[in-house]
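Proteins get letters first, then strands, A, B, ... in listed order; numbering begins at 1 in each.
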Amino acid sequence: MPFTLITTLYSIKMISKTYAPQEIEAKWYKYWLENKFFASKPNPDKEPYSIVIPPPNVTGVLHMGHMLNNTIQDVLIRKARMEGKEACWVPGTDHASIATEAKVVAMLKERGIEKKDISREEFLIYAHEWKDKYGGIILDQLQKLGASCDWDRTRFTMEPSLYEAVIDTFVRLYNKGQIYRGVRMVNWDPLGKTALSDEEVIEKEIMAKLYYLKYPVSGMEGEFMTIATTRPETIMADTALCVNPNDERYLAYHGKTVVIPLLNREIPVITDEYVTMDFGTGCLKVTPAHDLNDYELGIKHKLPVIDILDDGGFLNEKAVLYVGQDRFAARRNIVKDLEESGHLVKMEEYKSIVKTSERTGAVIEPKLSLQWFLKMDEISKPALENVMNDNIKLYPSKFKNTYRSWMENVHDWCISRQLWWGQQIPAFYLQDGTIIVAKTKREALRKAQHEYLLFALTEEDLTQDPNVLDTWFSSWLWPISVFDGIQNPDNEDISYYYPTNDLVTGPDILFFWVARMIIAGYEWRGELPFRNVYLTGIVRDKQGRKMSKSLGNSPDPLELIEQYGADGVRSGLLFSAPAGNDLLYDDKLIEQGRNFCNKIWNAYRLVEGWEVNVNLVVNSNQLGIDWFNAKMNQTIIDVQDHFSKFRISDALLSLYNLVWDDFCSKYLEIIKPAYEQPIDKATFEATIQIFEKLMKLLHPYMPFITEEIWQALATRADNESICRATFPIAGTVDTKIVADFDIVFELVSKIRDTRNAKQLSPKIALPLVIKTENKALYGQFEEIIQKLANTESITYTNEKVESSISFVIKSDEFFIILEGEIDVEAALETAQKDLEYNVGFKKATEAKLANERFVANAKPELVERERQKLADAESKIKALEEMILRLKGVK
RNA sequence: GGUUUAAUAGCUCAGUUGGUUCAGAGCACCUGCCUUACAAGCAGGGGGUCCAAGGUUCGAAUCCUUGUUAGACCACCA
């Protein structure tokens, strides 16, 4: 620690030794907003590039998944903006009916208000208040992350225009005959008291009990039929027992009736091949009201339906017994009573699956109810086709299979929800039950008057359906509705920005949302909603568990930003986030991101501290500049290639290596003047240019630090931001200089290795002798080698060099002259190993080239490369053999 | 049960059309270093039977078959 302080005192200018993101992030974000750098409007001269944000829940707060997801979107949009496209990232939030309504209900409860005691209108007033107060926090949090959304375009799925779009959609689909109302077995959430779609249900494996119950057979004294059930409380709703017709054990009971225990109601014994003989007892109780399969069995056998549960999961009068009890309490009680009455044969531990509500966690009850449905078979066809033929591309493409199996087996979509927070279904009922679907009550009235000739009707005679629409029934319009494309399908925005380019979201909502947006896209615009879907992985903890509030294993994203800086968090997350792969979060990743920021910062500190001497000329630096530009050009090519394949992580890693290894460790070391020495003008200017380019390349990933440094490197106009600077374009790659430098770096590495092995201080300059036929090559790099490896002046020879450590690169031999003993044995061993390897390699290559089929079948350039490798190996072997002979001679 | 994806260093993962000396990166580990940009750092190093067994091929981490293990999705389990 004391050293750190001293170093700081010595530094030329008193700028922070470590990068301090807290000081600059707010400053630059404000600057970006004030100058409207993220704002976009249709511009016919520019190519549009648009992304719509997956709208987070309006009451939600930022979690790690959002961080990853939105960072990727920001990278894409910032890069497109720098590439001169008209980049538009539309932000917004989702009203999330179940989740939000649950929160409002809880809030009201705290204030002593029960939902059932207030009217719908009052409730909605509270809900909007709640939304205005707590809603949209997440959008502010996205700003902390650096998200470059066009904030003036912020949308909310319940705002008037989007609300109308949803209503409009419903009416149009109803009129097309795509929406119908019907009684179906639905997933019922007894806590939320609403129907749920299959996608909103989560299956959980639990240990349950399987109860074996015996039903007395009527007219056969002492005979029983035993069934196995996990839900003994539903026996009061039984309307039959069912066995497989081929089951010989039960042949005698075909056509008989049995008596429900405790209740003493008679029910028939029916037969159906649906029953599996070897599960449980092979005898099934049929409860049409409370089980989907039983329901279907009931329809087939024309059985009555007895629904013994109310909306809240309590037993009603139809149950006769345990009326008013909660279903789970009733289960405990009936088991006790059955045991006492002797009808409980046995209990078994049983691994079972229960369905629970995604939002409330309540155990789902299959329930018959009257709901609204959207027919999916026809409307989903283009959505399947256009993903399968790659008009819309999924990244990674493995999700195509999952997508197909879902789309080929779609069920009609239950779109009604028994909630208040959401778009109320625009269906109006006359007193006789006639349904009139219209955008408003007024229109419905007019329709009733004209179509049914009921001119005496008034608005009071119409009752609107109390239900609201599934949240996804509004979010499936998102890419269209944010541009107002439902009501005004030809407006300037939608014509320009739609179809959007890329969608970034998690695979968990591929069907909920992505598939349905595609459906809506083709239905309403006859066109895809986006061209590419980038599916991010799920962020998990180190043990691979999904991050969740209940487990408490998720770090607070805002604390992370505070601690490591937004750029550190962004780049850290992306270091290991290939598309579709889950990301095992570890603070180590973010630390790496922060360290990267710090590395860049320190490179800047070095450059910033230089003084320029206009009279100075350092020729060798030009080689370094040329080399780095070649490396940078190659990297830009790689980065663009990665981006074209959505390899966002790989692109970042390429840049990371370029900055850390090539720029900092090599380039800056090559051109760096000695301490307190000035730098020449040409090198300085080239370095500033390189630095600016690097900042631009990194900007999409690390917007804040790159803006800070880019602004500091040169004088900029007030409204000139790196946000809108031009993304670098690759020049031609000078492969010759890259190859030459590879040799130089290998040499430097070998010298350093020797120094390390001999425990020599880096301060001691080592004498280097080179035996080569290509003196010109090394000649031009002498200064660089001296600087990087700290050698004395380099000499050349054709003779053997005594008292030295030697090694071979290509066909050249190098000697480092050392005082004292040289370990000849060790040197011999190393050389022998190297020789063996090369001889082996040579043999393999020779064999390959001797193989006619290889020479005939392989690509010509490949064969040529093999020949070159063989030649290299031969010359290296020759050099090594000479070296070994000499070493033996010394011995 | 059906479909599907994967298995590469201690950990997390790259490895793109089968062909560069292809077996790689980061983290972790080991050795040395407070060298005036950076110890959040520098220089160097060790570490893998590419799940197994067959097959195709001039050539296999890569393609095929079978098996093992793990995950995902869908369906069903009274």
Colleague: Using 0.5 Å steps for rounding, measure from the OH atom of Y250(A) to the OG1 atom of T271(A).
Modeller: 13.5 Å
Colleague: Closest approach of F512(A) and D508(A), non-hydrogen atoms and distance?
Modeller: CD1-O, 3.7 Å
Colleague: Atom CD of E608(A) to atom C1' of C38(B): distance rounded to whole Å?
Modeller: 14 Å
Colleague: Is the centre of the Y403(A) ring less than 6.0 Å from the centre of the W406(A) ring?
Modeller: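 When the ring centroids of Y403(A) and W406(A) are compared, they turn out to be at least 6.0 Å apart.
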Colleague: Which nucleotide wins on minimum distance to the side chain of V275(A), given the candidates A37(B), G41(B), A78(B)?
Modeller: A78(B)
Colleague: Determine the interplanar angle of the F684(A) and W610(A) rings, folded into 0 to 90°, and report it as parallel if under 30°, tilted if 30 to 60°, perpendicular if over 60°.
Modeller: perpendicular
Colleague: Can you check the distance between C38(B) and A25(B), where both ends of the measurement are the P atom (answer in whole Å)?
Modeller: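 After rounding to an integer number of Å, I get 27 Å for this pair.
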Colleague: Measure the OH-CD1 distance between Y667(A) and I690(A) for me, rounded to the nearest 0.5 Å.
Modeller: 3.5 Å
Colleague: Between protein and nucleotides 4-12 of chain B, map the contacts as a letter string: B base, S sugar-phosphate only, - none, heavy atoms under 4.0 Å, written 5' to 3'.
Modeller: S-------S
Colleague: Start with the C-alpha distance between F807(A) and D753(A), add both sets of side-chain angles, then the distance that settles side-chain contact (heavy atoms from CB on, under 4.5 Å), and finish with yes or no.
Modeller: CA-CA 11 Å; F807(A) 49 85; D753(A) 190 9; over 6 Å; no
Colleague: Determine whether any donor atom in the side chain of E669(A) lies under 3.5 Å from an acceptor atom in the base of A37(B), or the reverse, and answer yes or no.
Modeller: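 Such a pair exists between side chain and base.
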Colleague: Side chain of N598(A), heavy atoms from C-beta onward: which of U20(B), A78(B), C38(B) has the nearest atom to it?
Modeller: C38(B)
Colleague: Measure up the Y395(A) and F646(A) rings against each other and bin them: parallel (under 30°), tilted (30 to 60°), perpendicular (over 60°).
Modeller: tilted
Colleague: Side chain of R865(A): nearest nucleotide among G19(B), A78(B), A37(B)?
Modeller: G19(B)
Colleague: Considering only the P atoms, how many Å lie between A72(B) and U65(B), rounded to the nearest integer?
Modeller: 25 Å
Colleague: Quick one: K666(A) NZ to G41(B) C1', roughly how many Å, whole number?
Modeller: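 It works out to 17 Å between those atoms.
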Colleague: Sticking with atom P, work out how far A60(B) lies from G18(B), rounded to a whole angstrom.
Modeller: 14 Å
Colleague: For E591(A) and N595(A), which I'm curious about, is there any donor-acceptor pair between the side chains at under 3.5 Å?
Modeller: no
Colleague: Under the rule for side chain to side chain donor-acceptor pair (under 3.5 Å), what residues qualify as partners of T234(A), not counting sequence neighbours?
Modeller: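 Once residues adjacent in sequence are excluded, the partners of T234(A) under the side chain to side chain donor-acceptor pair (under 3.5 Å) criterion are K285(A).
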Colleague: R605(A) has an atom CZ; how far is it from atom C1' of A40(B), in whole Å?
Modeller: 13 Å
Colleague: Between A37(B), C76(B), G44(B), which nucleotide has the shortest distance from any of its atoms to the side chain of K599(A)?
Modeller: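 It is A37(B).
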Colleague: Distances under 3.5 Å between protein N/O atoms and the N/O atoms of nucleotides 15-18 of chain B, please, pair by pair.
Modeller:
unit_1, atom_1, unit_2, atom_2, d
U16(B), O2, R647(A), NH2, 2.0
U16(B), N3, R647(A), NH2, 3.4

Colleague: In Å, rounded to the nearest 0.5 Å, how long is the span from CG of D638(A) to CG of L653(A)?
Modeller: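 Output value for this atom pair is 12.0 Å.
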Colleague: Between G44(B), A40(B), A78(B), which nucleotide gets closest to the side-chain atoms of N595(A)?
Modeller: A40(B)
Colleague: Could you state the CD-P distance from E852(A) to U57(B), rounded to the nearest angstrom?
Modeller: 17 Å
Colleague: Map every base of RNA chain B to its dot-bracket character, where paired means a Watson-Crick or G-U wobble contact with both distances under 3.5 Å and | marks a partner outside the strand.
Modeller: (((((((..((((.....[....)))).(((((.......))))).....(((((..]....))))))))))))....
Colleague: Judged by each residue's nearest nucleotide on RNA chain B, which is more toward the 5′ side, D294(A) or K876(A)?
Modeller: K876(A)
Colleague: To the nearest Å, give me how far apart CG (L747(A)) and C1' (G44(B)) are.
Modeller: 16 Å
Colleague: Between atom NZ in K758(A) and atom C1' in G44(B), what is the gap in whole Å?
Modeller: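 After rounding, the reported distance stands at 15 Å.
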Colleague: Do any side-chain nitrogens or oxygens of K17(A) fall under 4.0 Å of OP1 or OP2 in A40(B)?
Modeller: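 No, K17(A) has no side-chain N/O under 4.0 Å of OP1/OP2 on A40(B).
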Colleague: Roughly how many Å apart are A40(B) and C34(B), using the P atom of each and rounding to a whole number?
Modeller: 16 Å
Colleague: How far apart are the closest heavy atoms of I260(A) and I235(A), and which atoms are they?
Modeller: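 For I260(A) versus I235(A), the nearest heavy atoms are CD1-O, 3.5 Å.
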Colleague: Taking the inter-plane angle between the rings of F224(A) and H343(A) on a 0 to 90° scale, is it parallel (under 30°), tilted (30 to 60°) or perpendicular (over 60°)?
Modeller: perpendicular
Colleague: Does W660(A) place a side-chain N or O at less than 4.0 Å from the phosphate oxygens OP1/OP2 of A37(B)?
Modeller: no
Colleague: Could you pull out the closest heavy-atom pair between C597(A) and I705(A), with the gap in Å?
Modeller: O-CD1, 3.3 Å
Colleague: When you compare the protein's N or O atoms with those of nucleotides 23-33 of chain B, which come within less than 3.5 Å of each other, and at what distance?
Modeller:
unit_1, atom_1, unit_2, atom_2, d
G26(B), O2', Q592(A), OE1, 2.7
G26(B), O2', Q592(A), NE2, 3.1

Colleague: Check every strand shown and say whether R752(A) touches a base, only sugar-phosphate, or nothing at a heavy-atom separation below 4.0 Å.
Modeller: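 Sugar-phosphate contact only.
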Colleague: Under 30°, 30 to 60°, or over 60°: which ring-plane class applies to F663(A) and F691(A), parallel, tilted or perpendicular?
Modeller: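 Geometry flag for F691(A) against F663(A): perpendicular rings.
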Colleague: May I ask you to say whether R605(A) pairs ionically with E608(A), meaning some side-chain N is under 4.0 Å from a carboxylate O?
Modeller: no
Colleague: For H411(A), what residues pass the side-chain contact (heavy atoms from CB on, under 4.5 Å) criterion, not counting sequence neighbours?
Modeller: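 Listed in chain order: D198(A).
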Colleague: Work out how far the C1' atom of A23(B) is from that of G2(B), and round it to whole angstrom.
Modeller: 37 Å
Colleague: Say you pick atom C1' in G26(B) and the same atom in C63(B); how far apart are they, in whole Å?
Modeller: 30 Å
Colleague: Between U68(B) and G32(B), how far apart are the P atoms? Round to whole Å, please.
Modeller: 50 Å
